[in-house]
Amino acid sequence: MTSRNTMVRSLHDVGLAAWFGGSLMGAIGVNGAANDVPDPRQRLRAANAGWGRWSPVNAAAIGAHLFGAVGLLRANRGRVAAQAGVGASSTVKSVLTGAAVAATAYSGAVAKKLAEAGEGDPGGGAAPVHGGAVPAPETPPAVAAQQQRLRLLQWLIPALTGGVVVVSALQGEQQRPAQQAAGLVRKARRQAVAAA
C-alpha cells in the first residue's frame, strides 16, 4: 500500500505557484505601474508600497514551498537513492531553489535601500525615477545603481522559480510506474558495472 503525500505536495506546489506568480506579477504589474505615477518623486514610494503589501505573503509562500519540498524529499528518499535520474533532478531542483531563495533575500535588501530613497526627506526630496526598477536621467547615482540591481533580480527570481516548476514537472513524470521500473533497472545495471 502506497502512502499519500497530499499535504506536503500541496504546500510545495501552492507555495511555489505563489512565489513564481507573485514575483512575475510584481516585475510587470507593481514595478511597471509605478511608471504611470505622474510625479517621478512618488514612483519609488508607489512601487515600495505594493511590494510591502506582498512581502509577508511571499515569505509565507516560500516557507510553505520549502516545508513541502523537504517533506516530499523525505517521502521519496528511497526513490532518490534507487531510481536513476531522480537524484540528479533533486540536486538540480535544490540548487535552483537555493539560488531563488538567495535572489529573493537579496532583492529584499535592495528594495529596503530603495524604500529609503523613495521616502526622501519631509520636504519632498525623494529620488526621482522613471519606474520602480528603472532610473531616470536625474536619479542619483547610488539610487540608480540599486535600481539596476533590482531590475536584474525582478527577472532572475521568476526565471529561477520557473526552473523549479519545470524540474517539478519532470519529477512528476519520473513517478510514473514505467519510469520508476526503467530507472531502477538502469541504476542496478550501473551499480553492477561499477562493481565488476
Side-chain angles (χ1 to χ4, degrees), residues 7-71 93-166 168:
M7 181 58 76
V8 293
R9 188 175 303 280
S10 297
L11 288 170
H12 172 277
D13 292 352
V14 171
L16 180 57
W19 188 10
F20 169 75
S23 62
L24 188 59
M25 187 288 303
I28 296 167
V30 174
N31 288 343
N35 298 356
D36 297 337
V37 174
D39 183 351
R41 294 186 179 277
Q42 294 298 314
R43 291 175 182 160
L44 275 179
R45 177 179 279 179
N48 292 331
W51 282 110
R53 286 173 175 81
W54 174 248
S55 291
V57 176
N58 196 43
I62 293 167
H65 170 69
L66 295 175
F67 184 85
V70 169
K93 184 175 173 182
S94 296
V95 169
L96 287 171
T97 301
V101 168
T104 302
Y106 183 55
S107 177
V110 170
K112 185 175 180 181
K113 290 179 183 177
L114 285 174
E116 294 165 4
E119 292 303 314
D121 60 49
V129 298
H130 181 69
V134 181
E138 63 274 14
T139 303
V143 175
Q146 294 298 333
Q147 283 192 296
Q148 293 296 344
R149 288 182 186 96
L150 190 61
R151 193 172 188 179
L152 171 68
L153 291 164
Q154 75 177 354
W155 300 115
L156 180 61
I157 296 165
L160 290 168
T161 53
V164 176
V165 170
V166 171
S168 293

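For L66, the side-chain contact (heavy atoms from CB on, under 4.5 Å) test picks out I62, T97, V101, with sequence neighbours left out. In this view, R151 satisfies the side-chain hydrogen bond (donor to acceptor under 3.5 Å, both in side chains) rule with no residue, not counting sequence neighbours.
Screening residues 134-150 for side-chain hydrogen bond (donor to acceptor under 3.5 Å, both in side chains), with sequence neighbours left out, gives Y106-R149. The side-chain hydrogen bond (donor to acceptor under 3.5 Å, both in side chains) contacts involving residues 155-165 comprise nothing, where partners must be two or more places apart or lie in separate chains.
Formation of a donor-acceptor pair under 3.5 Å by the R45 side chain with backbone atoms of R41 is not found in this model. Without hydrogens or angle criteria, N48 side chain to L44 main chain gives a donor-acceptor distance under 3.5 Å.
Here the shortest heavy-atom pairing between L153 and A103 reads CD2-O, 3.9 Å. Shortest non-hydrogen contact noted between S107 and I157 is CB-CD1, 3.8 Å. When all heavy atoms of N35 and G132 are compared, the pair lying nearest together is OD1-N, 4.1 Å. Scanning both residues, A144 and P135, for their nearest heavy atoms gives CB-CB, 3.7 Å. Of all heavy-atom pairs between A46 and V37, the closest is CB-CG2, 3.8 Å.
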Would you mind writing out the side-chain donor-acceptor pairs for residues 10-25 within the sub-3.5 Å range, not counting sequence neighbours?
from, atom 1, to, atom 2, distance (Å)
S10, OG, T6, O, 2.7
H12, NE2, K93, NZ, 2.7
W19, NE1, T104, OG1, 3.2
S23, OG, W19, O, 3.0
S23, OG, F20, O, 3.0

